[in-house]
Amino acid sequence: MEKPTYDLSRLRSSSVEIREKGSEILREELLKAQKELKLRDEECERLSKVREQLEQELEELTASLFEEAHKMVREANMKQAASEKQLREAHGKIDMLQAEVSALKTLVITSTPSSPNRELHPQLQSPSKNALRKGHARNKSTGCAAVVPVAPPAQPINTEGKELPQVDTLLYSEFLGWKENPTLDKSSLFLSRIYQEDITPCLDFAKRELAEQVLAAVEDNTLSVEPVIQPALPVVKASAVERGGPRKCALSGLSRSCRHRIKLGDSGNYYFISPSCRARITAVCNFFTYIRYIQQGLVRQDTELIFWEIMRLRREMSVAKLGFYVIES
């Protein structure tokens with residue numbers, strides 16, 4: 001009877017040992033699993049940080065690329081604007097030089113030994129006319145600074161009984177002030193007076209809105225005048241009534257024979273003008289052309305001759321606004 005009892009106790013002890021070993025193995029597996037989970041958590045955290053860093057770098061790179069692209073676009077636009085400005089200035093200089101060449105050719109062609117051109121030979125003119133016309137002599141003085149009180153230019157001696165110009169000291173002092181720094185700004189005393197007394201009245205037409213556009217185009221040097229080529233069978237369009245026509249002036253609104261038309265800037269619209277309106281526009285254009293030459297340093301004359309040439313151009317505007325003009329054949 002003792003033998004079965006011994007076997008039972010052994011079985012119990014073996015069972016306890018097995019349980020303990022199983023528990024130990026499970027604890028080891030659990031610790032191993034916990035270590036693996038911790039390593040995976042650390043790896044996930046590291047990868048998450050790497051992802052965040054990459055996203056931040058990508059955002060910074062994208063922002064940098066956009067900023068660089070915008071900078072390149074701005075620089076390209078600035079370069080394009082500068083190039084267009086230089087191109088316009090070059091075209092303006094070319095047109096100016098072509099006009100000078102044409103004028104010189106006209107002077108040379110019209111001068112012959114039997115009938116010399118007095119513009120090319122100023123020594124043939126009377127002293128009073130020499131003071132009123134522009135020459136090609138260079139300014140030999142060292143400067144043109146105004147001295148207070150202003151000394152008016154010397155008056156030509158009247159030996160032929162013809163008209164004798166007399167200097168207005170106020171006009172001459174304003175001219176000297178403008179001549180030190182030539183500008184097209186109408187706020188200067190010199191140009192402000194000319195605008196008020198000559199330019200504005202000369203371009204004061206019945207069609208005020210169009211007259212203002214004409215003045216703006218003259219100031220911007222974008223107005224062109226060309227002769228009208230009469231078609232064999234004239235056709236009058238509805239839009240042509242507003243812009244005048246061969247028989248109606250667009251500026252005065254009167255029925256006149258219009259042999260010329262004007263175009264303002266890059267607009268494709270043409271406006272027919274009468275000979276009187278053309279003379280008034282031409283007189284103002286001649287004045288602006290001359291002061292542009294002065295501003296650009298192309299006029300190499302004595303200060304007095306420049307002053308009298310401007311006075312002559314002012315007289316042309318005054319005469320034109322009164323309705324006097326030369327009829328071209």
Side-chain angles (χ1 to χ4, degrees), residues 6-98 178 180-188 191-192 195 209-210 212-224 239 242 263-270 288 291-298:
Y6 175 76
D7 293 335
L8 183 60
S9 61
R10 289 185 61 185
L11 289 174
R12 288 178 178 176
S13 63
S14 297
S15 176
V16 171
E17 291 178 359
I18 291 172
R19 287 180 181 178
E20 290 178 354
K21 289 183 179 180
S23 298
E24 185 178 355
I25 292 172
L26 290 175
R27 282 195 297 269
E28 291 177 357
E29 292 291 335
L30 180 60
L31 291 174
K32 184 177 179 182
Q34 289 176 348
K35 290 181 179 180
E36 290 180 355
L37 287 175
K38 185 177 180 181
L39 291 175
R40 289 184 181 181
D41 290 339
E42 292 176 354
E43 183 69 14
C44 289
E45 185 178 357
R46 186 183 67 82
L47 293 176
S48 178
K49 290 182 179 180
V50 171
R51 184 185 65 180
E52 291 177 356
Q53 184 178 359
L54 289 177
E55 289 178 351
Q56 184 178 0
E57 291 179 356
L58 181 60
E59 290 179 358
E60 293 177 355
L61 179 61
T62 304
S64 176
L65 289 176
F66 273 109
E67 183 178 356
E68 187 70 21
H70 285 300
K71 182 179 178 181
M72 294 174 64
V73 171
R74 285 196 301 269
E75 292 178 352
N77 291 335
M78 293 175 61
K79 290 181 180 179
Q80 182 180 359
S83 300
E84 292 177 353
K85 181 180 179 181
Q86 293 177 356
L87 180 62
R88 288 195 299 270
E89 292 177 352
H91 283 309
K93 292 181 180 179
I94 291 173
D95 294 339
M96 178 182 60
L97 292 175
Q98 288 177 346
W178 176 83
E180 291 181 358
N181 184 23
T183 177
L184 298 180
D185 186 4
K186 64 178 69 175
S187 63
S188 66
L191 288 185
S192 174
Y195 263 92
E209 184 177 355
L210 181 58
E212 293 176 357
Q213 296 177 8
V214 169
L215 176 58
V218 173
E219 292 173 338
D220 296 337
N221 198 22
T222 57
L223 182 141
S224 59
S239 60
E242 299 178 358
K263 186 174 74 168
L264 310 178
D266 297 330
S267 173
N269 298 332
Y270 288 88
F288 272 96
I291 63 173
R292 284 194 187 98
Y293 287 170
I294 298 174
Q295 183 192 30
Q296 295 167 3
L298 300 176

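Any value given below was found using the heavy atoms of this structure, including those in side chains, with hydrogens, waters and symmetry copies removed.
Between Leu61 atom CG and Leu54 atom CG the span is 11.5 Å, to the nearest 0.5 Å. Of the inter-residue distances, the one linking Lys186 atom NZ with Leu215 atom CG reads 5.5 Å to the nearest 0.5 angstrom. Note that CD1 of Ile25 and CG of Leu30 are 13.5 Å apart. Values are rounded to the nearest 0.5 Å. Taken to the nearest 0.5 Å, the CD atom of Glu28 stands 10.0 Å off from the NZ atom of Lys32. To the nearest 0.5 angstrom, Glu67 atom CD is 12.0 Å from Glu60 atom CD. Here Phe288 contributes atom CZ and Gln295 contributes atom CD; the two are 11.5 Å apart, rounded to the nearest 0.5 Å.
No side-chain donor-acceptor contact under 3.5 Å links Gln56 and Glu52.
Of the residues listed (Arg27, Lys21, Glu20), the one engaging Ser23 in a side chain to side chain contact (heavy atoms under 4.5 Å, CB included) is Arg27, and it is the only one.
At a threshold of 4.0 Å, the pair Arg46-Glu43 counts as salt-bridged, since one of the basic side-chain nitrogens sits closer than that to a carboxylate oxygen.
For the pair Lys49/Glu45, a side-chain contact is recorded, criterion being any heavy-atom separation below 4.5 Å from C-beta on. Two residues are said to be in side-chain contact when any heavy atoms from C-beta on lie closer than 4.5 Å; Leu264 and Asn269 fail this criterion. Proximity of Asp185 to Leu191: side-chain heavy atoms (C-beta onward) are nowhere separated by under 4.5 Å.
Remark: side-chain polar atoms of Ser48 are not paired, donor with acceptor, to backbone N or O of Cys44 under 3.5 angstrom.
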Please determine whether side-chain contact (heavy atoms from CB on, under 4.5 Å) holds for the pair Gln296 and Met96, giving the CA-CA distance in whole Å, both sets of side-chain angles, and the decisive distance to 0.1 Å. CA-CA 11 Å; Gln296 295 167 3; Met96 178 182 60; 2.8 Å; yes
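Within 6.0 Å of the CD atom in Glu42, the count of heavy atoms belonging to other residues, nucleotides or ligands exceeds 12.
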